[in-house]
There are 2 protein chains.
Amino acid sequence: MTPMSGDMPSPQLLEEFSQFFRLLSEPARLQLICHLKQGPMDVAALIEATGFSQSHISRQLGQLQRAGLVSCERDGVRMIYQAQDELVSDLCNLVQKRMKQRLEAQLEQLQIA
Amino acid sequence: MTPMSGDMPSPQLLEEFSQFFRLLSEPARLQLICHLKQGPMDVAALIEATGFSQSHISRQLGQLQRAGLVSCERDGVRMIYQAQDELVSDLCNLVQKRMKQRLEAQLEQLQIA
DNA sequence: TTCCTTAATGCTGGCATCGTCATAAGATTG
DNA sequence: CAATCTTATGACGATGCCAGCATTAAGGAA
């Protein structure tokens, strides 16, 4: 039933994929996204929630914003950040589902042996 | 309709997610996975297909194997590697779909302006 | 204007990872 | 056994990214 192949993505596409995944390869960024998923927050609230330094948070948010995972708007002197789409949640759910399957399989192996 | 929140994943889970995404943050590894998706191959074939050095390929395959994305079996003196599940394809498809949506949105912005 | 608050950015040290060379480990053949 | 072929690994230079300090930029209040 396997169609024997999807085709090989172009090197440029692979490069874009890897850059995107690299964004998610940092716990700090994932954490920020998770917090923002609970609702819009300003930087001060993110500092309070995570304990990270102001400049660190600002940099990470900058990267996430350039990738379109996060948006922001001014509120006076504050910047209110907001999670922009569901993609990261979807990706994490897929990964988690697979982790679970893998552990269950290992469990069965142990019970047989 | 948004349930106003899924809950916040634990730091350990975030760490595992990020480690997994880090695996996919390297074009070389994505490329190896894509080649292996076409069917089982030995290391020599992967060298031929990618132009990477033998030791480089061996290292990357080692990482992918520890994560369960790739499996291998001996055939005499050769090692035949094989892609192990569809997760990576699924993740890439989701990312690609979103990239497309984003570009289409930008296109519309341009036409309005 | 000046002062204060908040967020973004230049610069830097430290650490992790990539990629290569050389070598070791494992398997097969004679 | 030795010789050879294939893959894995130790060591190392180069590169890139993180995380913090200090500074700058931007807005609002007096």
Side-chain angles (χ1 to χ4, degrees), chain A residues 11 14-36 39-84, chain B residues 11 14-36 39-84:
Chain A
L14 286 179
E15 181 68 35
E16 292 200 65
F17 284 156
S18 66
Q19 282 180 19
F20 186 87
F21 289 129
R22 188 180 306 273
L23 264 186
L24 307 183
S25 73
E26 193 60 36
R29 283 190 289 267
L30 284 182
Q31 196 175 343
L32 289 172
I33 292 176
C34 289
H35 280 291
L36 291 176
M41 300 173 70
D42 66 356
V43 177
L46 288 169
I47 293 177
E48 169 71 20
T50 64
F52 298 144
S53 75
Q54 179 266 320
S55 68
H56 188 208
I57 289 181
S58 179
R59 276 178 209 287
Q60 308 311 322
L61 289 175
Q63 295 190 49
L64 295 175
Q65 187 180 13
R66 279 187 291 277
L69 295 178
V70 145
S71 67
C72 67
E73 62 176 318
R74 297 203 82 95
D75 172 33
V77 70
R78 312 211 160 150
M79 297 294 285
I80 310 292
Y81 280 84
Q82 179 171 354
Q84 196 58 12
Chain B
L14 285 178
E15 181 69 34
E16 291 198 65
F17 284 156
S18 66
Q19 283 180 19
F20 186 88
F21 289 129
R22 189 181 305 274
L23 263 185
L24 306 183
S25 72
E26 194 61 38
R29 284 191 288 266
L30 283 183
Q31 196 174 343
L32 289 172
I33 291 177
C34 288
H35 280 291
L36 290 177
M41 301 173 69
D42 65 355
V43 177
L46 288 170
I47 293 176
E48 170 71 21
T50 64
F52 298 144
S53 74
Q54 180 267 319
S55 67
H56 189 207
I57 289 180
S58 179
R59 279 179 206 286
Q60 308 311 321
L61 289 176
Q63 294 191 48
L64 295 174
Q65 188 180 12
R66 279 187 290 277
L69 295 178
V70 145
S71 66
C72 67
E73 60 176 319
R74 297 204 82 94
D75 172 32
V77 70
R78 310 206 163 155
M79 298 294 286
I80 310 292
Y81 280 84
Q82 179 171 355
Q84 195 57 11

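So that the names make sense, note that chain A is the first sequence line, chain B the second, and so on, each numbered from 1.
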Audit row: B:Gln31, B:Glu26, side-chain contact (heavy atoms from CB on, under 4.5 Å) steps and yes/no: CA-CA 9 Å; B:Gln31 196 174 343; B:Glu26 194 61 38; over 6 Å; no
Heavy-atom side-chain contact between B:Leu14 and A:Cys34 under 4.5 Å: yes
Touch class at under 4.0 angstrom, heavy-atom based, for A:Ser55 against every strand present: base
Among C:dT5, C:dC18, D:dT9, the one nearest B:Arg29 by side-chain distance: C:dC18
Side chain A:Ser25, main chain A:Arg22, donor-acceptor under 3.5 Å: yes
Aromatic ring pairing B:Phe17/B:Phe21, orientation class (parallel under 30°, perpendicular over 60°, tilted between): tilted
Touch class at under 4.0 angstrom, heavy-atom based, for B:Glu26 against every strand present: sugar-phosphate
Integer-rounded Å distance: C:dC21 P and B:Phe52 CZ: 15 Å
d(CG, B:Leu24; P, C:dT17) in whole Å: 15 Å
Side-chain N or O of A:Ser58 closer than 4.0 Å to phosphate OP1/OP2 of C:dA7: no
D:dC18 phosphate, OP1 or OP2, under 4.0 Å from A:Gln63 side-chain N/O: yes
Side-chain donor/acceptor contact of B:Arg59 with base of D:dG10 under 3.5 Å: yes
Selection: residues 40-51 of chain B, any non-hydrogen atom under 4.0 Å of DNA chain C: none
Pairwise distance CZ(A:Arg29) to NE2(A:His56) - rounded to 0.5 angstrom: 7.5 Å
Which residue lies more 5' along DNA chain D, comparing B:Cys72 with A:Asp75 via nearest heavy atoms: B:Cys72
Shortest side-chain distance from A:Val77, nucleotide among D:dA26, C:dA8, C:dA27: D:dA26
SG on B:Cys72 to CG on B:Asp42, rounded to 0.5 Å: 12.0 Å
Spacing of A:Leu23 atom CG relative to D:dG16 atom C1', expressed in whole Å: 15 Å
Distance, rounded to the nearest Å, where B:Gln60 contributes CD and C:dT17 contributes C1': 10 Å
Protein-nucleotide distance (B:Ile80, atom CD1; D:dT6, atom P), rounded to Å: 12 Å
Derivation and outcome, side-chain contact (heavy atoms from CB on, under 4.5 Å), residues A:Leu36 and A:Leu64: CA-CA 11 Å; A:Leu36 291 176; A:Leu64 295 175; 5.8 Å; no
B:His56 NE2 - D:dA11 C1' separation (whole Å): 16 Å
Shortest side-chain distance from B:Arg78, nucleotide among D:dT7, C:dA7, C:dG19: D:dT7
Touch class at under 4.0 angstrom, heavy-atom based, for A:Gln65 against every strand present: nothing
A:Ile57 CD1 to C:dT6 P, straight-line distance once rounded to whole Å: 14 Å
Neighbour count above 12 (heavy atom, 6.0 Å) for B:Glu48 CD: no
A:Gln54 CD to C:dT5 C1', straight-line distance once rounded to whole Å: 11 Å
Phosphate OP1/OP2 of C:dT6: any A:Tyr81 side-chain N/O under 4.0 Å: no
